[in-house]
J.: 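Next up is a structure, given as structure tokens.
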2 protein chains.
Amino acid sequence: MTVARQPNNRRSKPGGPKTAPRARRPRDSLSQETILAAAEEIALRDGLHALTFQAIGDALGAHPTSLYRHFRDKDELVLELVDGLRARSYGGTVTATDDWRADMRTISQRVREHYVRYAPFAQEMVMRTTRRPVEFANVEFTLDALRRAGLDDDEVVVMQRALGNFVRSVASLEAATLALEPDVRRRDELAWQVEYRQLDPETYPTIAELADRLPSLGAPEAFDVGLELMLDAIEMRAARSRARRGESVEHPGDE
Amino acid sequence: MTVARQPNNRRSKPGGPKTAPRARRPRDSLSQETILAAAEEIALRDGLHALTFQAIGDALGAHPTSLYRHFRDKDELVLELVDGLRARSYGGTVTATDDWRADMRTISQRVREHYVRYAPFAQEMVMRTTRRPVEFANVEFTLDALRRAGLDDDEVVVMQRALGNFVRSVASLEAATLALEPDVRRRDELAWQVEYRQLDPETYPTIAELADRLPSLGAPEAFDVGLELMLDAIEMRAARSRARRGESVEHPGDE
DNA sequence: ACCTGAACACCGTTCAAGT
DNA sequence: ACCTGAACACCGTTCAAGT
């Protein structure tokens, strides 16, 4: 919200000295692709708040309003951008192995890497369904893996949602902390290393004992540990479902 | 991003007809509390995007810029608001029982209800450490519960982070989908009920089979199921840790 | 048809002026 | 000291005008 002030070097300011009209861009030199490429670079370099039509226009040497010929509004531009990133990032379909846990790890880490890589868009990505091939492929892959784990179909659909939401939202949280203003982020991280150690041991006895080891909010272990917990629990349920169906069970809960 | 246009009924527009000066607010009638109360009402009624100094000023019959005497900038106002909500929502400390799982459920659902209730702030809340008593109390409570579960201290700190991040981020996702523009939300939910059923069974065989039962993105089961999975897995690990320490184990993995 | 320029209705924020 | 008014530097967006 606190925006750094910049000198106004916009051309043709209301009463200012007349400057030469901007160089005219050649016809048809603008397209969705060129615009999206410029937009991506700006957002990844300077953050989502810096992604304005003005900035994109400047980067392309084009008038800000010329973008309206290629996108209905900014929302459409951002959604299109997000979708393009997704297609590129984990477009190559993951092929299933005979180990469903390994498969779930692979696809989950892929989603996570994508969020971290495109951190400025994490919040935008996490809650929108894109309904594109990449999303379909991910859902298909996960449903199949959970079936191979041995879950009943009833369990499969609900576990897919539970696991999928876990992966996307925890990845998004990790990414969002990365995209935080550097000084805010440093202050927040410091809190877990400093402030928590100085709390009164009377009121917070357990914190006082463990303060030296508390990981900060964006700590990457949170994802890996959480994922393994989920997979452990799913494996356990799958073993029960298998047993219920009268199938042979091989070492439930062991690794 | 697509903002509805409204007629300009701002007073004293640049060249417009002179209107009577605004009624002057009595001295000291403004305070952090009155401002925050008005801000909360606006955000909860019309969403975060509608929370502007202009809107708060209108609600209070005060000049927008008068708020700057009480808050450094908008960021500070929002953070203060978020912190106040938190203190009020689950300020009453949860008291531990002899059942760590029940305790973890209680505190997790409390956090979740808070996110859903204050959905417009979910994204803002999820990634910021507030370093206030309520947060400290939650951490203390969770660390203690995980210890009582039987985890080693090394495990306790990392599980606290994994579980805490799970709860906050999945709750935030649920809340964020609730706070989505109604028509966007409806379209997204519909996708899971309609579009997924129409996919080609050749390329997406598992989806085709299970499409009737796929829950949508913001489905509330995702939280409950995920939480039970996490608790199951933690219970299993705790049993192992107990055994490693030579303590008696009582039915690990059963409910 | 595609791009530009001017204009409009907003934002957050600063600062001098009123009471 | 606290509130108001005017102004500044931005936003997204529309629309008539240029080429």
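Residue numbers begin at 1 in each chain, while the letters A, B, ... track the order of the sequences.
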J.: Side chain of B/R27, heavy atoms from C-beta onward: which of C/dC3, D/dC2, C/dT13 has the nearest atom to it?
T.: D/dC2
J.: Counting only Watson-Crick pairs (N1-N3 plus N6-O4 or O6-N4) and G-U wobbles (N1-O2, O6-N3), all under 3.5 Å, who is the partner of C/dT19?
T.: D/dA1
J.: Using 30° and 60° as the class limits, which term best fits the ring planes of B/Y118 and B/H114: parallel, tilted or perpendicular?
T.: perpendicular
J.: What is the distance, rounded to the nearest whole Å, between atom CG of A/L30 and atom P of C/dC3?
T.: 5 Å
J.: Anything under 30° is parallel, anything over 60° is perpendicular, the rest tilted; go ahead and classify B/Y68 against B/F53.
T.: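 Because their plane-to-plane angle lies in the 30° to 60° range, the rings of B/Y68 and B/F53 count as tilted.
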J.: Judged by each residue's nearest nucleotide on DNA chain D, which is more toward the 5′ side, B/H63 or A/P64?
T.: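 Nearest-nucleotide comparison on DNA chain D picks B/H63.
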J.: What contact category does B/R25 fall into here, base, sugar-phosphate, or nothing, at under 4.0 angstrom with non-hydrogen atoms?
T.: sugar-phosphate
J.: Considering every strand shown, what is the Watson-Crick or G-U wobble mate of D/dT14 when both distances are under 3.5 Å?
T.: C/dA6
J.: Quick one: A/D58 CG to C/dT4 P, roughly how many Å, whole number?
T.: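 A/D58 atom CG is separated from C/dT4 atom P by 12 Å.
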J.: Are any of B/H70's side-chain N or O atoms less than 4.0 Å away from OP1 or OP2 of D/dC3?
T.: yes
J.: Measure the distance from CG on B/D75 to C1' on C/dT13 and round it to the nearest whole Å.
T.: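 It is 14 Å, rounded to the nearest whole Å.
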J.: Calculate the interatomic distance between A/K74 atom NZ and D/dC11 atom P; express it in whole Å.
T.: 9 Å
J.: Tell me which nucleotide among D/dT4, C/dC11, C/dC2 gets nearest to the side chain of B/A62.
T.: D/dT4
J.: Could you tell me how far apart A/L77 (CG) and D/dC11 (P) are, to the nearest whole angstrom?
T.: 15 Å
J.: What nucleic acid atoms does A/T52 come within less than 4.0 Å of, heavy atoms only: base, sugar-phosphate, or nothing?
T.: sugar-phosphate
J.: Rounded to whole Å, how long is the line connecting atom OH of B/Y68 with atom C1' of C/dT13?
T.: 4 Å
J.: Does a distance-only test, which skips hydrogens and angles, find a donor-acceptor pair under 3.5 Å between the side chain of B/T65 and the base of D/dG5?
T.: yes
J.: Can you measure B/L51 atom CG to C/dC10 atom P for me and round it to whole angstrom units?
T.: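 Rounding to the nearest Å, CG of B/L51 and P of C/dC10 are 17 Å apart.
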J.: Which part of the nucleic acid does A/S29 contact within heavy-atom distance under 4.0 Å: base, sugar-phosphate only, or nothing?
T.: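 A/S29: backbone/sugar contact only, no base atoms under 4.0 Å.
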J.: Is it true that B/S31 and B/T34 share a donor-acceptor pair across their side chains at a distance under 3.5 Å?
T.: yes
J.: Has A/R161 got its NZ or CZ under 6.0 Å from the middle of the six-membered ring of B/W192, at an angle within 45 degrees of the ring axis?
T.: yes
J.: Which of these nucleotides, C/dT19, D/dT19, D/dC11, is closest to any side-chain atom of B/R24?
T.: C/dT19
J.: Looking only at side chains, do B/Q193 and B/D212 share a donor and an acceptor under 3.5 Å apart?
T.: no
J.: Measure from CZ on B/F53 to P on C/dG12 and round the result to the nearest Å.
T.: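 That distance rounds to 7 Å.
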J.: Please tell me which of A/D28 and B/A55 maps to the more 5' nucleotide of DNA chain C, matching each residue to the nucleotide holding its nearest heavy atom.
T.: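 Nearest nucleotide further toward 5': that of A/D28.
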